[in-house]
Amino acid sequence: MTSPSLDYYGIEELLTDKERAIRDRARRFVQEEVMQEVVPCHRAGKFPEHLIPRMGALGFYAPQLKEHGCAGLSYTAYGLIMQELERADSGLRSLASVQGPLTIYAIHSFGTPEQQKRWLPGLVTGTRVGCFALTEHGHGSDPGGMETRARLDGDHYTLNGSKRWIGNASIADVKVVWAKDDDGKIAGFVVEKDAPGFRANDIEGKFSLRMSRTSECWFENCRIPAANRLPNASGLRAPLSCLSQARVGIAWGVIGAAIDCYETALAYAKSREQFNRPIAGFQLVQEKLVWMIQEITKAQLLALRLTRMMEAGPVRPEQISLAKRNNVWMALECARKARDLLGAVGITDRYSVIRHLMNLEAVSTYEGTHDIHTLAIGRDITGISAFGG
Ligand code: TGC
Ligand code: FAD
């Protein structure tokens with residue numbers, strides 16, 4: 001159960017019984033099967049890969065979608081699952097984001113029935129690993145400038161180019177790759193494992209999202225069947241609509257990381273004594289704890305309102321940008337304040353806080369940086385684009 005301090009505004013009452021049950025099951029999974037893995041995996045810079053099919057069996061991949069084995073849950077239930085995963089580690093939620101709202105959503109939304117039948121069951125159950133390759137070495141915030149090309153050559157496409165910072169690309173069985181076609185239009189292609197002309201390396205030396213595999217990859221005359229083009233994906237709108245799905249999950253997910261930081265800091269502040277009293281008794285310490293619970297509460301309300309709106313009908317991408325931007329910033333600030341309250345022990349992995357802090361730096365960058373979302377919302381409210389040339 002959520003402790004009363006974390007439900008300052010009675011959010012619990014706004015959830016359905018089913019949503020609460022789904023969240024509690026995700027929390028049990030994290031406590032019973034994940035937590036013991038996190039610190040060793042984080043130290044080793046590895047993801048516990050046996051959990052990939054386990055998370056599939058629990059229905060964690062794109063649960064907001066219907067059919068093809070997806071759970072057909074509410075957007076709020078999807079968000080609550082992401083919250084529980086990210087309470088453990090952003091890398092766990094990231095795995096679910098790449099597999100679900102990115103890879104599965106792309107095939108689910110833009111594929112033919114045959115393509116869906118072929119690739120979705122393995123991805124949804126987690127017996128096959130997916131990846132979503134949009135970012136390139138020269139194009140991160142501006143994916144519209146991508147240089148990867150797909151040339152139609154009889155019954156094949158030939159892909160040339162490179163992608164960088166791609167979650168799970170080196171092990172993925174099913175890679176959704178975005179490239180420009182012969183007409184210069186952005187299109188989606190599925191590159192299967194062992195496609196000739198594909199190679200990938202994992203990126204080493206990460207201080208953030210260490211419990212996550214991140215790769216760079218190259219397509220050198222990489223031949224794939226023409227039937228692997230996703231026919232309903234046309235233009236930048238297609239990958240961006242996948243990002244919208246994932247950003248909602250992030251807006252909820254980071255609340256989990258923030259709650260874990262808050263709970264850790266509160267417990268520590270009550271037990272740690274300096275100047276003959278618990279540090280929780282100092283005004284400056286209380287101010288930090290109050291800031292955290294205030295901002296977590298606002299973030300919960302924002303995320304919940306967003307997913308309730310999505311359950312009722314479409315929302316605008318900028319409304320999703322607002323939640324991603326605010327909630328990731330909030331979680332990062334919570335992690336910074338919690339790290340401060342823990343003093344020296346706060347820099348060790350005996351406590352989760354420094355790990356969350358480092359992870360959230362990447363979460364602030366990926367799926368649109370904080371400033372890119374600022375500009376997206378700025379364009380929406382002023383009608384003037386400040387993105388540049
Ligand atoms: P712009 O003119 O704004 O848009 C092009 C077309 O797309 C439409 N659109 C969207 N559609 C659906 N969802 C969205 N979120 C959309 N945003 C825009 C738009 O209406 C337009 O449609 P149409 O029909 O008129 O053509 O394009 P722009 O080139 O100005 O770029 C806008 C910008 C900068 C906001 C966009 O490029 C952007 O979001 N950049 C950030 C890139 C990004 O987020 N990359 C993420 C890569 S994947 C990743 O990080 C995975 S990490 C996952 C994990 O581990 O958890
Ligand atoms: P850049 O775009 O070079 O930005 C650098 C800085 O410039 C940022 O501060 C940015 O805000 C700022 N900036 C850029 N343009 C403007 C502007 N117009 N005005 C003001 N400021 C600007 N991508 C995928 O496709 N698939 C994945 O699975 C994936 N997983 C990832 C996992 C991790 C751990 C990380 C770190 C990244 C991942 N990414 C993935 C890539 C991620 O989406 C990009 O890193 C992100 O979009 C930013 O691109 P960039 O790193 O090239 O930064």
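The figures that follow rest on heavy atoms only: side chains count, while hydrogens, waters and symmetry mates do not. Residues: numbered from 1 along the sequence shown. Each ligand, and each atom within it, is numbered from 1 in the order the structure gives.
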To atom 38 (C) of ligand 2, the nearest of W178, F387, W165 on a heavy-atom basis is W165
Ligand 1 to L236, heavy atom cutoff 4.0 Å, flagged ligand atoms 27 (O), 29 (O)
Could an N or O of ligand 2 be found under 3.5 Å from any N or O of D371, whether backbone or side chain?
no
Between D260 and R87, is there a side-chain N and carboxylate O pair less than 4.0 Å apart?
no
Specify whether the nearest protein heavy atom to atom 21 (N) of ligand 2 is under 4.0 angstrom away. no
| said: Check for me whether G235 has a heavy atom closer than 4.0 Å to any atom of ligand 1. | reply: no
Counting heavy atoms under 4.0 Å, the part of L102 that contacts ligand 2 is neither
Under 4.0 Å from one or more heavy atoms of S97, ligand 1 contributes atoms 56 (O)
Atom 52 (S) of ligand 1: closest protein heavy atom, distance to 0.1 Å, is Y366 CG, 3.6 Å
inquiry  = Please report whether atom 27 (O) of ligand 1 has a protein non-hydrogen atom at a separation of less than 4.0 Å.
reply    = yes
Report task. Assign the ring pair F282 / F275 to parallel, tilted or perpendicular, where the plane angle (0 to 90°) is split at 30° and 60°. Result -> perpendicular
Checklist entry - Any luck finding a side-chain donor-acceptor pair between T127 and T125 under 3.5 Å? => result yes
* To do: Take every heavy atom of H373, measure it against each atom of ligand 1, and state whether any distance is under 4.0 Å.
  => no
Is any NZ, NE, NH1 or NH2 atom of the basic residue among R25 and E84 found under 4.0 Å from an Asp or Glu carboxylate oxygen of the other? no
Closest to atom 8 (C) of ligand 1 (heavy atoms only, candidates Q245, R237, Q319) is R237
Only one of V176, L134, L243 passes side-chain contact (heavy atoms from CB on, under 4.5 Å) with L102, and that residue is L243
T135, any N or O under 3.5 Å of ligand 2 N or O
yes
One finds that the ligand 1 atoms under 4.0 Å from a non-hydrogen atom of L243 are 43 (C), 44 (O), 45 (N), 46 (C), 48 (S)
If we number the atoms of ligand 1 from 1 as shown, the ones under 4.0 Å from a heavy atom of L102 are 51 (C), 53 (C)
Quick one: do D182 and R151 make a salt bridge, cutoff under 4.0 Å?
no
Exercise for the section: Indicate yes or no: does an N/O atom of G167 lie under 3.5 Å from an N/O atom of ligand 2? Expected result: yes
**Prompt:** Can you get from V345 to L357 by hopping between Ile, Leu, Val, Met, Phe, Trp and Tyr side chains that sit under 4.5 Å apart?
**Reply:** no
Atom 10 (C) of ligand 1: of L240, L134, I372, T214, the nearest heavy atom sits on L240
- Query: Are any of the N/O atoms in D142 less than 3.5 Å from those in ligand 2?
  - Reply: no
Among non-hydrogen protein atoms, atom 37 (O) of ligand 1 lies closest to P143 CD, 3.4 Å
For the pair D340 and K337, find out whether any cationic side-chain nitrogen is under 4.0 Å from an anionic carboxylate oxygen. no
The reported gap from CG in L80 to CD1 in I22 (rounded to nearest 0.5 angstrom) is 8.5 Å
Atom 7 (O) of ligand 2 within contact range, any protein heavy atom under 4.0 Å
no
Geometry only, no angles: is G140 polar-contacting ligand 1 at N/O separations under 3.5 Å?
no
Cluster link L92 to Y78, ILVMFWY, side chain under 4.5 Å:
yes
With heavy atoms and a 4.0 Å threshold, my read on which part of V98 contacts ligand 1 is side chain
For H108 and K66, the nearest pair of non-hydrogen atoms, with its separation, is NE2-O, 2.7 Å
With a 4.0 Å cut-off on heavy atoms, does A246 reach ligand 1?
no
- Query: Is the shortest distance from a heavy atom of G144 to ligand 1 less than 4.0 Å?
  - Reply: no
Any G167 heavy atom less than 4.0 Å from ligand 1 = no
Paired with F189, the ring-ring contact (aromatic ring centres under 6.0 Å, His included) test is passed by just one of F132, F110, Y157, F219, namely Y157
Sub-3.5 Å N/O-N/O distance, L134 and ligand 2 = yes
One thing to verify: whether R23 and E12 come together as a salt bridge, which I'm taking to mean a side-chain N less than 4.0 angstrom from a carboxylate O.
yes
query: Has ligand 1 got any nitrogen or oxygen that is less than 3.5 angstrom from a nitrogen or oxygen of T135?
result: no
So, 4.0 Å and heavy atoms of G249: is ligand 1 close enough to count as a contact?
no
Ligand 1 atoms nearer than 4.0 angstrom to some heavy atom of F387 are 34 (C), 35 (C)
In ligand 1, the atoms that come under 4.0 Å of a heavy atom of R379 are 1 (P), 3 (O), 30 (O)
Please report whether atom 11 (O) of ligand 2 has a protein non-hydrogen atom at a separation of less than 4.0 Å.
yes
Note: E19-R308 ion pair, threshold 4.0 Å (strictly below)
yes
State, with a plain yes or no, whether a side-chain heavy atom of V174 is found less than 4.5 Å away from one of V129.
no
One thing to verify: whether R118 and E192 come together as a salt bridge, which I'm taking to mean a side-chain N less than 4.0 angstrom from a carboxylate O. yes
task = Indicate yes or no: does an N/O atom of F132 lie under 3.5 Å from an N/O atom of ligand 2?
result = yes
Ligand 1 atoms nearer than 4.0 angstrom to some heavy atom of P317 are 13 (N), 14 (C), 15 (N), 16 (C)
for atom 1 (P) of ligand 2, nearest protein heavy atom and its distance come out as S141 OG, 3.7 Å
inquiry  = Assess whether a salt bridge exists between E33 and R54, defined as any Lys/Arg side-chain N lying under 4.0 Å from an Asp/Glu carboxylate O.
reply    = yes
Interatomic distance, CG@D89 vs CZ@F47, rounded to 0.5 Å, equals 9.0 Å
### Task
For ligand 2, find out whether one of its N or O atoms is nearer than 3.5 Å to an N or O atom of H139.
no
Counting from 1 in the order shown, the ligand 1 atoms closer than 4.0 Å to a non-hydrogen atom of S241 are 12 (C), 13 (N)
Heavy-atom proximity to atom 56 (O) of ligand 1 ranks first, among R93, K324, M82, E367, for R93
Going by the 4.0 angstrom heavy-atom rule, the piece of T369 near ligand 2 is side chain
Quick check with a 6.0 Å cut-off and a 45 degree axis cone: is K175 positioned over the face of F198's six-membered ring?
yes
*Kindly state if atom 25 (O) of ligand 2 has a protein heavy atom within a strict 4.0 Å cut-off, that is, under 4.0 Å?*
yes
Point to revise | Side-chain ion pair, E333 and R336, N-O less than 4.0 Å | key: yes
Under 4.5 Å between side-chain heavy atoms, counting indirect links through other Ile/Leu/Val/Met/Phe/Trp/Tyr residues: same cluster for V254 and W329 or not? no
